[in-house]
There are 2 protein chains.
Amino acid sequence: MSSATDVGHHAAPCAGAAPCQDRPITPPDLSPDDLARIDSIQFPTRTIHRGETLYRTGDDFRSIYIVRVGCFKTVITHHDDHEQVTGFHLPGETLGLDGICTDRHACEAIALEDSSVCIVAFDLLETLCREVRTMQHHVHRLLSGEIVRESALMVMLGTMTAEQRVAAFLLDLSARLAARGYSSVEFQLRMTREEIGSFLGLKLETVSRMLSRFQKDGLIDTRGRQVRILDREKLSRV
Amino acid sequence: MSSATDVGHHAAPCAGAAPCQDRPITPPDLSPDDLARIDSIQFPTRTIHRGETLYRTGDDFRSIYIVRVGCFKTVITHHDDHEQVTGFHLPGETLGLDGICTDRHACEAIALEDSSVCIVAFDLLETLCREVRTMQHHVHRLLSGEIVRESALMVMLGTMTAEQRVAAFLLDLSARLAARGYSSVEFQLRMTREEIGSFLGLKLETVSRMLSRFQKDGLIDTRGRQVRILDREKLSRV
DNA sequence: CGGACCTTTGAGCTGACTCAACTCTGGTGG
DNA sequence: CCACCAGAGTTGAGTCAGCTCAAAGGTCCG
């Protein structure tokens, strides 16, 4: 298992963690033949430094990306200046699915720390999906999963209080880190309070106040961007 | 073109309107061979009366549905009782994509008026997508389009005032009706103020107040659920 | 060690909510 | 044909969660 320090930097997935390095989008339960077929493909990678963008709104859509290392935010720009964060993307997660429908990216993806992605050319992926049924279904699940996740977010934005949103945000992050082999208890936020607020439909001061409240009530321990979850039970019942 | 009365009841799409009846999910630009292949399939239909459900949360996922006639809402049930509307679905639009990722439906679809859907068995669709490349891409676009639409909704819920949300809701509905060959100027809301509010993250009183305000300011003309858009320009600049 | 950026905390304000009363509409039955 | 009723919609008055504005720490990095 990773040490707390490593985990905080998203640098060391557990041994045996989910696909990432060389098999970015391999579905589970693949037949040996199909596995060989997919393993034979070399997916290129790309490094994006903190603050740099992976793609911008309106860019031609050619490929989707799997985060290997690091962390991204996706942002929609409104009326020229005002921008809203629509998601955060951790290692193992997918970026760029929004581009399929119009052949142009509908948002901008920005690295929150020095990061690396695996590039999956979309026409190659479509070919693969026509040849390998398991792969096809895997991609359909991926897309559908994104839809379900966004529906859940809409419910959050539509019904929850500021306190509930921040709690839900921490728990969601924790669960996603756990799914990728990182610690679900202690981690480092890679985003600012303002970015969290933008994502949750809150102002940065409100996010800060809620974190302070959780701290005071003994639900979490925070020091800047370092977060330790002390009472998951209470946090989920906020 | 349809008369205003017909339009109000969603009963008469224009001649030449988007696919609906016998070719529920036919992509554009299909080769004659592929068109013949897809045309040979008989998709079953199903009638759902007002207030009845097409599928419920947790139901086995077998197929997706294309609305032929009528109107649906999709609802997520939270903590047993509290429920939130996650979307409205007009003729020609798709229902059930949320079920792919877990093989179970993640929400409930309820008819807002007597309606009819076309049933597309998902394994058949996947087979078709493996055989017909154009169809495959069409389905990918469909899924991606849903993701983009939901992102836009998240931005709305995260940043807009009550007034802006209601205005955006009316304009969105208008545009979608237009896309299916109905009037974009005058139409009948099939949902209650409460359902609109649930969808927009507002209370029914607030929705009602905003509609009254638009009426007073001469942006729209409403009489119960009948809506006529008088000043689209101003409405979009609210 | 200086400066830019991020974070915390306080004080007052306001848009949307809550609660409540009243009206309108469509359907039902006497 | 009208009376009635239940569900839907409108409108008003008061409240409060989250926003705005402001000022004081913290932290990171050159």
Side-chain angles (χ1 to χ4, degrees), chain A residues 8-9 49-51 71 73 82-85 110 112-114 156-170 188-217 219-227 238, chain B residues 8-9 49-51 71 73 82 84-85 110 112-114 156-170 188-217 219-228 238:
Chain A
H9 292 84
H49 292 289
R50 176 187 191 167
C71 181
K73 65 172 175 180
H82 179 121
E83 62 180 40
Q84 160 139 5
V85 174
I110 301 170
L112 294 176
E113 60 183 314
D114 291 353
M156 180 182 79
L157 291 173
T159 66
M160 291 186 173
T161 64
E163 191 175 34
Q164 292 171 324
R165 291 182 206 193
V166 175
F169 173 73
L170 292 175
Q188 179 137 20
L189 302 173
R190 313 307 316 202
M191 62 297 281
T192 67
R193 305 290 192 254
E194 183 164 25
E195 285 161 344
I196 297 172
S198 171
F199 178 62
L200 297 177
L202 302 172
K203 291 294 157 182
L204 69 98
E205 295 95 326
T206 306
V207 173
S208 179
R209 279 183 234 278
M210 294 309 143
L211 291 174
S212 298
R213 183 184 297 177
F214 293 154
Q215 168 98 309
K216 181 167 67 67
D217 295 348
L219 304 186
I220 63 172
D221 189 20
T222 56
R223 215 188 132 74
R225 298 197 184 173
Q226 193 68 28
V227 176
V238 160
Chain B
H9 292 84
H49 292 288
R50 177 187 190 165
C71 180
K73 64 173 176 180
H82 178 122
Q84 159 139 8
V85 175
I110 302 170
L112 294 176
E113 58 183 315
D114 291 354
M156 180 182 78
L157 292 173
T159 66
M160 290 186 174
T161 64
E163 191 176 36
Q164 292 172 324
R165 291 182 206 194
V166 176
F169 173 74
L170 292 175
Q188 179 136 20
L189 301 173
R190 314 308 314 203
M191 62 296 282
T192 66
R193 304 290 191 253
E194 184 163 25
E195 285 162 342
I196 297 173
S198 172
F199 177 63
L200 297 177
L202 301 172
K203 292 294 157 183
L204 69 98
E205 295 96 326
T206 306
V207 174
S208 178
R209 279 184 236 277
M210 295 308 141
L211 290 174
S212 300
R213 183 183 297 178
F214 293 154
Q215 168 99 309
K216 183 167 66 69
D217 296 349
L219 305 186
I220 63 172
D221 188 21
T222 56
R223 218 189 130 73
R225 299 197 184 176
Q226 193 68 28
V227 176
R228 167 175 272 275
V238 159

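Letters go in sequence order (proteins before strands), and every chain restarts at 1.
Contacts of A/G201 with the nucleic acid, taken as non-hydrogen atoms under 4.0 Å apart, involve only primed sugar atoms and P, OP1 or OP2. Within the nucleic acid shown, B/L211 has no heavy atom closer than 4.0 Å to any nucleic acid atom. At the heavy-atom level, B/R223 lies under 4.0 Å from the strands shown only through sugar-phosphate atoms.
For the OP1/OP2 pair of C/dT9 and a distance below 4.0 Å, the side-chain nitrogens and oxygens of A/S208 include no atom meeting the criterion. Within the structure, every side-chain polar atom (N or O) of A/T206 is placed at least 4.0 Å from both OP1 and OP2 of D/dA17. Residue A/R225 places no side-chain N or O under 4.0 Å from the OP1 or OP2 atom of D/dT27.
Summarising the geometry, the separation between CG on B/L157 and C1' on D/dG18 is reported as 16 Å, rounded to the nearest angstrom.
Side-chain atoms of A/T192 lie closest to C/dC6 of the nucleotides D/dA8, C/dT25, C/dC6. For B/S212, the side-chain atoms get nearest to D/dT10 when compared with the rest of D/dT10, D/dT27, D/dG18.
Summarising the local packing, CZ of B/R225 is surrounded by more than 12 heavy atoms from other residues, nucleotides or ligands at distances under 6.0 Å.
Comparing B/M210 and B/E205, the nucleotide of DNA chain C nearest to each residue sits closer to the 5' end for B/M210.
At least one donor-acceptor pair closer than 3.5 Å links the side chain of A/R165 to the backbone N or O of A/M160.
Scanning atom types as modelled, one donor and one acceptor separated by under 3.5 angstrom connect the side chain of A/R209 and the base of C/dG10.
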